[in-house]
Amino acid sequence: MRILVTGGAGYIGSHTCLELLHGGYDVVVVDNLCNSNPVALERVQALAGKSLTFYQGDVRDLALLRRIFQEQEIDCVIHFAGLKAVGESVSQPWRYYDNNLNTTLALTKVMEEAGRKNLIFSSSATVYTASNTMPLQETSQTGGCTNPYGWTKFMTEQILSGISHADPAWSVCLLRYFNPIGAHESGQIGEDPRGIPNNLMPYITQTAIGRRERLSIFGDDYDTPDGTGVRDYIHVVDLAKGHVAAVNYTVAHQGVEVFNLGTGKGYSVLDMVNTFQQVNQVSVPYQIVARRPGDIATCYADPEKSERMLGWKAEKDLADMCRDAWNWQCKNPQGYQA
Ligand code: NAD
Ligand code: UDP
């Protein structure tokens, strides 16, 4: 089976390409490298001992997409390509709506023309309304997003559901990720944020290695066991394996289906810092600061539907995530740049 992976050079995409190659799939990547480095794809191929086909370009480019679908017999598409920084989406909304919506519109247009209608989309737990009770089920309320990034995920889910309802030949999986962290256990591929990290784990690893002075913990007065925010962290390799399961599901079904990809367990910011320090025997200086606007106290998944219907379940624990994130950081102190 041949899988087109948009955004395949990125953090989750690179790990998914590796799992696909391990699983015997042919992999075709399209990525404009706006937030990634081609070294990631070289390392994926070295780890897999197999090659993939790479097209450098923009997923909004209809001519490029038509060429790819002419040159490759694509059985299923995994659509990762998109911009993902929440804060940046508030200051640059047009850029986020343009990139994240027009990639999907161009891709589905060309898939329709080519008669290739199996699609997996990278959605996010951010589509869930903040007032839901935990754990979040796929049927929990969505909408009321607090930033343009979240709205692009919500709108893309609407677009793909509409396309799928209009033409039952489509098979669409909307995968709602919780908090992907960690890296491949080899330390060869991992998360390589540009500039100051927005997310917790890369901030922890960069602090531990001395690139940042100290971690700021955003609030310790939430209604949680220790007052800091609780999230459902999932190892990126487990997440990548969830995509392989979703490919098999998508090609065997029709219609649209939504799946949570999380572990079902919530950990606080202090749990993360303490586990990281303990597992890696390294110190992470931190200070408690004000809450970050837009953050909620607690967010974790009910992963039961994914286990039942995809036959997939996260297997790695928090210690694995902390160890692998640190291994990647130590082997690549400046990310792929070095
Ligand atoms: P990433 O930035 O590492 O990867 C995205 C990739 O898409 C990059 O390689 C980038 O160069 C590419 N890209 C962006 N716009 C493009 C375009 N117009 N044409 C071609 N390539 C383009 O991000 P990631 O963490 O791997 O996330 C992958 C997807 O998963 C994104 O859609 C993101 O919104 C979604 N997601 C991520 C998280 C997370 O915490 N990392 C959580 C939920 C959802
Ligand atoms: N967080 C923090 N300091 C940081 C980054 C994040 O205290 O430098 C907290 C944040 O408030 C939230 C949790 O860590 O409770 C996870 O944040 P992240 O941005 O990684 O993911 P989110 O769930 O917000 O998408």
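Remember, it's 1-based here, ligands and their atoms both numbered in the order they're listed.
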Any donor-acceptor N or O pair under 3.5 Å, side chains Ser171, His253: no
Would Asp271 and Tyr233 count as having a side-chain donor-acceptor pair, cut-off 3.5 Å? no
How far is [atom] from its nearest protein heavy atom, and which residue and atom name does that atom have?
| atom | value |
| --- | --- |
| atom 3 (O) of ligand 1 | Tyr11 N, 2.8 Å |
| atom 17 (C) of ligand 1 | Asn32 ND2, 3.3 Å |
| atom 17 (O) of ligand 2 | Arg292 NH2, 3.4 Å |
| atom 13 (C) of ligand 2 | Tyr233 OH, 3.5 Å |
| atom 4 (O) of ligand 1 | Gly10 CA, 3.5 Å |
| atom 25 (O) of ligand 1 | Lys84 NZ, 2.7 Å |
| atom 11 (O) of ligand 2 | Asp295 OD2, 2.6 Å |
| atom 23 (O) of ligand 2 | Arg231 NE, 2.7 Å |
| atom 7 (O) of ligand 2 | Phe218 N, 2.9 Å |
| atom 5 (C) of ligand 1 | Gly82 O, 3.9 Å |
| atom 9 (C) of ligand 2 | Val269 CG2, 3.7 Å |

Quick one: pull up [atom1] in [X] and [atom2] in [Y] and give me the separation to the nearest 0.5 Å.
| X | Y | atom1 | atom2 | answer |
| --- | --- | --- | --- | --- |
| Cys76 | Ile120 | SG | CD1 | 4.0 Å |
| Arg116 | Leu107 | CZ | CG | 13.5 Å |
| Ile288 | Leu215 | CD1 | CG | 8.5 Å |
| Phe121 | Phe80 | CZ | CZ | 11.0 Å |
| Gln70 | Leu65 | CD | CG | 11.5 Å |
| Asn280 | Asp324 | CG | CG | 9.5 Å |

Atoms of ligand 1 close to [X] [distance to a heavy atom under 4.0 angstrom, numbered from 1]:
| X | answer |
| --- | --- |
| Asp31 | 6 (C), 7 (O), 8 (C), 9 (O), 10 (C), 11 (O), 12 (C), 20 (C), 21 (N) |
| Cys34 | 10 (C), 11 (O), 13 (N), 14 (C), 15 (N) |
| Lys153 | 31 (C), 32 (O), 33 (C), 34 (O), 35 (C) |
| Pro180 | 39 (C), 40 (O) |
| Leu33 | 11 (O) |
| Ser122 | 29 (C), 30 (O), 32 (O), 35 (C) |
| Gly7 | 6 (C), 7 (O), 12 (C) |
| Ser124 | 43 (C), 44 (C) |

Taking the six-membered ring for Trp, are Tyr300 and Tyr267 ring centroids under 6.0 Å apart? no
Tyr97 ring center within less than 6.0 Å of Trp94 ring center: no
Within a reach of under 6.0 Å around OH of Tyr286, are more than 12 heavy atoms found that belong to other residues, nucleotides or ligands? no
Got a sec: does the NZ of Lys313 have more than 12 other heavy atoms crowding it under 6.0 Å? no
Considering both backbone and side-chain atoms of [X], is one of its nitrogen or oxygen atoms within less than 3.5 Å of a nitrogen or oxygen in ligand 1?
| X | value |
| --- | --- |
| Phe178 | no |
| Leu83 | no |
| Ile12 | yes |
| Ser123 | no |
| Val59 | yes |

Would you name the heavy atoms of Cys17 and Gly8 that are closest together and state the gap between them? SG-O, 3.9 Å
Looking at [Y] and [X], is any side-chain nitrogen of the basic one under 4.0 Å from a carboxylate oxygen of the acidic one?
| X | Y | value |
| --- | --- | --- |
| Asp295 | Arg292 | yes |
| Asp26 | Lys50 | no |
| Glu71 | Arg67 | yes |

Can you tell me if Tyr286 contacts ligand 2 (heavy atom of the residue under 4.0 Å from the ligand)? no
Ring pair (Phe, Tyr, Trp, His ring centres under 6.0 Å) between Trp328 and Tyr11: does it pass, once the steps are laid out? CA-CA 12 Å; Trp328 153 255; Tyr11 172 47; 8.7 Å; no
Below 4.0 Å, non-hydrogen atoms only: which portion of [X] touches ligand 2? Side chain, backbone, both or neither.
| X | answer |
| --- | --- |
| Asn199 | both |
| Ser216 | backbone |
| Asn179 | side chain |
| Leu215 | side chain |
| Leu200 | both |

At a non-hydrogen distance cut-off of under 4.0 Å, which region of Glu191 contacts ligand 1 (side chain, backbone, both, or neither)? neither
Heavy-atom pairs closer than 4.0 Å: do any link ligand 1 to the side chain of Asp58, the backbone, both, or neither? both
Positive for side-chain hydrogen bond (donor to acceptor under 3.5 Å, both in side chains) with Asp232, one of Thr298, Asn179, Thr263: Thr263
Are any non-hydrogen side-chain atoms of Leu119 and Trp170 less than 4.5 angstrom apart? yes
Interfacing atoms of ligand 2 (cut-off 4.0 Å, heavy-atom, [X]):
| X | answer |
| --- | --- |
| Gly229 | 15 (O) |
| Ile217 | 7 (O) |
| Asn198 | 5 (C), 19 (O) |

Within less than 4.0 angstrom of ligand 1, does Gly8 place any heavy atom? no
Is Ala125 close enough to touch ligand 1? Criterion: a residue heavy atom under 4.0 Å from a ligand atom. no
Hey, does the Lys NZ or Arg CZ of Arg2 hover above the aromatic six-ring of Tyr25, less than 6.0 Å from the centre and inside 45° of the axis? no
Residues Val289, Gln287; criterion side chain to side chain contact (heavy atoms under 4.5 Å, CB included); working and verdict: CA-CA 6 Å; Val289 301; Gln287 60 186 346; 3.8 Å; yes
